[in-house]
Undergrad: 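This is the structure I have questions about; it appears just below.
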Amino acid sequence: MNDTIAAISTAQGVGAISIIRVSGSSAISIVNKVFTGKDLTNVASHTIHYGKIVDQNSPIDEVLVTVMRTPKTFTREDIVEINCHGGIAPTNKVLELILRNGARLAEAGEFTKRAFLNGRIDLTEAESIMDLISAKTEASRKVAIKGLTGHISHLIRNLRQEILELLASIEVNIDYPEYEDAVEMTNEKVKPAIKKIQDKLAHIIEESENGRILTSGIKTVIIGKPNVGKSSILNRLLDEEKAIVTAIEGTTRDTVEGNITIKGVALNLIDTAGIHETEDLVEKIGVNKSLRLIEEADLVILVLNQNEKLSAEDRQILKVCQDKKTIVVLNKSDLEKRIEEEEIPYTDIIHTNTLDESGIEPLKNKISELFHLEQLQNQDDSYLSNIRQISLAKEALSILNEAVIAIQQEVPVDMIEIDIKRAWEKLGEIIGETYSEELIDQLFSQFCLGK
């Protein structure tokens, strides 16, 4: 991190302005080489200066340059931001000049990575920055802001502090048994202390599992046999002709996707290929993909034709969905009802007719009810916001569960301490107190260039 990096921080394309960001120990001197106006090496921090970017005395663009000196910057390095006109040619030319004069093109997410490595932010705050950039709903924006202002970090640090205090008490007993003022930490006294931490962590995980959909949305797959109306339901939900609809079986051979918002939460819809026995190679690939998507889904919308009795294929699909949140849609309600609802092992059943869109609003309401979307809008949004964080919290809870089992088996307290410390370290991975280089590289590679 001794070199100076540069990148375009605004979206590529034509616009009013573009911003080239430069960060590193040589940022100010590099920009000063190509800037005509004030001597940037002598200006005060956090000031803006008018001038021109020039290439060997030939003007490239009229710009405003912002100078921010370490340590009060995003990366805790010297940062210079060049505001130029938003055309593709001038923006690329300015960046080219900066790179030619000593900067290196930044990798994806490298500015934020430096902010993390320099102690400006922790991992949860870094992830919240990406969540804020990609937020598609007001709910996800609010959650991202909470994370960005350190609420999640505070939550985890408090838990780690409780564990640390417990570890310190155990250590005193192990290392200084003769110290009379120390409370003797027996298994009987350690167990309720662990239980208290377990309860807090379990509550955080539960709230986070519910709240994750505010940031990630609800991954929803629409499944069923061919020609039951899956694509029509997708089109009605999206209010556009996204999927091709014909009376020919197997029209949808691959997934068709779209997004809507229900009660401020994104519903990520995937229309799948009809699930049925087939010898057609392309259809078979589509069917296998549909089955995989069911496993990954938060919600399954299973579409059945109410004009037909349940077939063996229908029963097999119902069985596949048994461990998922599932809404059964009995489509084609304008036709004679031949299906027996008593044979359907689900209580959430909606009747639809995509010819006149009846049943679409009840379907949306049922989704809202199933995921408690109205309550989610009002709950405390200081919770873990992604799968990585929730998975680590679950691992920490599992380790504490192991410690309690060991206590019940009368394992010595110094052995219990090992499990407690492992849980403390696992929580540290959430905020980046402990991490691997591979994790950091992988996490920040998901950021956009220039951030």
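Below, each value reflects all heavy atoms present in this structure, side chains not excepted, and no hydrogens, waters or symmetry copies. These numbers were taken from a predicted model, which means no experiment stands behind them. Along the sequence shown, residues are numbered consecutively beginning with 1.
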Undergrad: Indicate yes or no for a side-chain donor-acceptor contact from Arg160 to the backbone of Trp424 under 3.5 Å, with no hydrogens or angles considered.
TA: yes
Undergrad: Decide yes or no on salt bridge (Lys or Arg N to Asp or Glu O under 4.0 Å) for Glu110 and Arg114, but give the supporting numbers first.
TA: CA-CA 6 Å; Glu110 191 170 0; Arg114 289 190 174 201; 3.6 Å; yes
Undergrad: Find out whether Asn2 and Ser25 are in side-chain contact, i.e. whether some heavy atom of one side chain is under 4.5 Å from a heavy atom of the other.
TA: no
Undergrad: His49 pairs by side chain to side chain contact (heavy atoms under 4.5 Å, CB included) with which of Val63, Leu64, Val43?
TA: Val43
Undergrad: Have Thr352 and Asn331 got a donor and an acceptor in their side chains that come within less than 3.5 Å?
TA: yes
Undergrad: With sequence neighbours excluded, what pairs up with Asp323 under the salt bridge (Lys or Arg N to Asp or Glu O under 4.0 Å) test?
TA: none
Undergrad: Out of curiosity, Leu400 CG to Ile416 CD1, how far, rounded to the nearest 0.5 Å?
TA: 11.0 Å
Undergrad: I'd like to know whether Arg120 forms a salt bridge (Lys or Arg N to Asp or Glu O under 4.0 Å) with Glu125, so could you lay out the CA-CA distance, the side-chain angles of the two residues, the decisive distance to 0.1 Å, and finally the verdict.
TA: CA-CA 10 Å; Arg120 171 68 174 74; Glu125 291 168 324; over 6 Å; no
Undergrad: Please tell me whether Asp199 and His203 have a donor and an acceptor in their side chains that are separated by less than 3.5 angstrom.
TA: no
Undergrad: Atom OG1 of Thr73 and atom CD of Glu81: how far apart are they, to the nearest 0.5 Å?
TA: 10.0 Å
Undergrad: List in chain and number order the residues that pass salt bridge (Lys or Arg N to Asp or Glu O under 4.0 Å) with Glu361, two or more places apart in sequence or in another chain; answer none if no residue qualifies.
TA: Lys364
Undergrad: How about Ile121 and Thr112: do any of their side-chain heavy atoms sit closer than 4.5 Å?
TA: yes
Undergrad: In Å, rounded to the nearest 0.5 Å, how long is the span from OG1 of Thr220 to CG of Asn259?
TA: 9.5 Å
Undergrad: Roughly how far, to the nearest 0.5 Å, is the OG atom of Ser18 from the CD1 atom of Ile8?
TA: 6.5 Å
Undergrad: Counting only N and O atoms by type, is there a donor-acceptor contact under 3.5 Å from the side chain of Thr41 to the main-chain atoms of Ser29?
TA: no
